[in-house]
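What's counted below: heavy atoms across the whole structure, side chains too, no hydrogens, waters or symmetry copies.
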Amino acid sequence: MEQKKDIFDKIMELPIINIFNPFYKKYKEQLLYLFFGFCTFMVSLIIFTIGCYTFNLDEITSNNISWVIAVLFAYITNRTWVFVDKAHDFKGVVKEIFAFFAGRFITLLVENGIIYVFITLLGFNRILIKIIAQIVIIILNYIISKWFIFKKKD
């Protein structure tokens with residue numbers, strides 16, 4: 001059974017852009033994960049920056065607030081567009097949401113550790129360290145999502 005085309009499939013069929021369609025079809029999951037990972041990264045970075053510089057919150061508090069908003073955004077986009085195999089019944093969706101947030105919570109601890117050591121203790125630039133931490137987190141989150149949360153059913 002062929003999957004219903006989403007907005008990205010339709011965009012890739014537009015004239016001129018369609019020359020990239022074979023590459024897109026082959027690497028769709030990875031490309032969409034990178035695209036939405038970047039969008040999630042921007043959401044997290046913007047909220048973190050607002051927390052630190054507008055509300056004068058400490059780095060860890062700002063990061064925790066940015067995490068909540070970014071993870072909600074990431075779950076919705078990952079579930080909707082990135083990973084095709086996903087739960088469809090209520091019990092499965094609840095399990096999937098719990099696993100997604102649990103996996104992201106693990107990487108939040110890693111990110112908070114990086115932020116604490118390099119910003120709080122060593123005094124490095126907040127934004128630079130946040131960007132570096134986010135790169136590490138995007139990679140870890142993909143591995144967790146791909147292998148544990150949205151894994152293909154046999």
Side-chain angles (χ1 to χ4, degrees), residues 6-9 11-12 17 20 23-154:
D6 62 33
I7 188 167
F8 299 100
D9 297 331
I11 289 170
M12 291 308 297
I17 296 174
F20 299 105
F23 179 80
Y24 166 77
K25 284 181 179 179
K26 184 174 181 181
Y27 298 106
K28 178 180 179 179
E29 180 179 287
Q30 293 85 356
L31 292 169
L32 289 178
Y33 186 82
L34 285 173
F35 173 73
F36 286 113
F38 177 76
C39 292
T40 302
F41 160 78
M42 291 306 298
V43 167
S44 181
L45 185 62
I46 290 166
I47 301 299
F48 176 81
T49 303
I50 290 170
C52 286
Y53 295 105
T54 303
F55 295 106
N56 295 318
L57 299 173
D58 66 86
E59 298 83 14
I60 300 297
T61 302
S62 293
N63 195 56
N64 290 339
I65 293 168
S66 75
W67 177 84
V68 170
I69 296 167
V71 171
L72 286 170
F73 176 82
Y75 177 74
I76 292 165
T77 57
N78 277 256
R79 179 168 171 72
T80 304
W81 290 295
V82 178
F83 297 104
V84 177
D85 292 320
K86 52 194 174 236
H88 296 286
D89 63 322
F90 180 76
K91 182 180 176 185
V93 171
V94 169
K95 182 179 174 185
E96 183 182 87
I97 290 169
F98 179 78
F100 190 84
F101 275 81
R104 293 298 158 72
F105 184 74
I106 291 167
T107 60
L108 170 68
L109 297 177
V110 171
E111 185 176 21
N112 278 345
I114 292 168
I115 286 171
Y116 180 74
V117 169
F118 289 99
I119 298 173
T120 307
L121 296 180
L122 299 176
F124 283 81
N125 179 280
R126 288 173 165 174
I127 303 304
L128 175 65
I129 296 304
K130 175 69 174 173
I131 291 170
I132 292 168
Q134 280 290 290
I135 292 168
V136 171
I137 297 315
I138 287 170
I139 294 165
L140 290 174
N141 284 338
Y142 178 78
I143 292 167
I144 291 168
S145 291
K146 176 74 175 164
W147 292 348
F148 299 104
I149 300 163
F150 298 107
K151 63 185 173 193
K152 294 191 184 305
K153 313 290 188 274
D154 291 328

Please report the C-alpha distance between F41 and I137 in whole Å, then the side-chain angles of each, then the deciding distance to 0.1 Å, and finally whether the side-chain contact (heavy atoms from CB on, under 4.5 Å) criterion is met. CA-CA 9 Å; F41 160 78; I137 297 315; over 6 Å; no

For S66 and I47, work out which heavy atoms get closest and say how close. CA-CG2, 3.5 Å

Consider only side-chain N and O atoms of K130 and T49, and report whether a donor and an acceptor are under 3.5 Å apart. no

Nearest-0.5 Å distance that lies between atom CD1 in I69 and atom OG in S44: 9.0 Å

Minimum heavy-atom separation for C52 to S62, with atom names? N-OG, 3.2 Å

What I'd like to find out is whether the side chain of K28 reaches to under 4.5 Å of the side chain of D6, using heavy atoms alone. yes

Rounded to the nearest 0.5 angstrom, the CZ-CH2 distance for F8 and W81 is 6.0 Å

Which atom of A70 lies closest to which atom of T40, heavy atoms considered: O-CG2, 3.5 Å

Quick check with a 6.0 Å cut-off and a 45 degree axis cone: is R126 positioned over the face of Y53's six-membered ring? yes

Would you call V82 and E29 a side-chain contact if the rule is heavy atoms closer than 4.5 Å? yes

Which heavy atom of F101 sits nearest a heavy atom of L72, and at what distance? CZ-CD2, 3.7 Å

Is a side-chain N or O of Y33 found less than 3.5 angstrom from the main chain of I138, in a donor-acceptor match? yes

When rounded to the nearest 0.5 Å, the distance separating CG of L45 from CD1 of I127 is 5.5 Å

Where do L57 and F48 land on the side-chain contact (heavy atoms from CB on, under 4.5 Å) test, with the steps shown first? CA-CA 9 Å; L57 299 173; F48 176 81; over 6 Å; no

Rounded to the nearest 0.5 Å, how far apart are CG of L108 and CG of N112? 4.5 Å

dist F105:CZ -> F100:CZ (nearest 0.5 Å) comes out at 15.0 Å

Any side-chain heavy atom of F118 sitting closer than 4.5 Å to one from L128? no

Report, as yes or no, whether the 6.0 Å neighbourhood of atom CG on L122 holds more than 12 heavy atoms from other residues, nucleotides or ligands. yes

Please report the interatomic distance CD1(I60) to CD1(I119), rounded to the nearest 0.5 Å. 7.5 Å

Could you check F23 against L31 for side-chain contact (heavy atoms from CB on, under 4.5 Å), going step by step and ending with a plain yes or no? CA-CA 10 Å; F23 179 80; L31 292 169; 3.9 Å; yes

Looking at N78 and A74, would you say the former's side chain and the latter's main chain have a donor-acceptor pair under 3.5 Å? yes

Can you find a heavy atom in the side chain of E59 that is under 4.5 Å from one in the side chain of N63? no

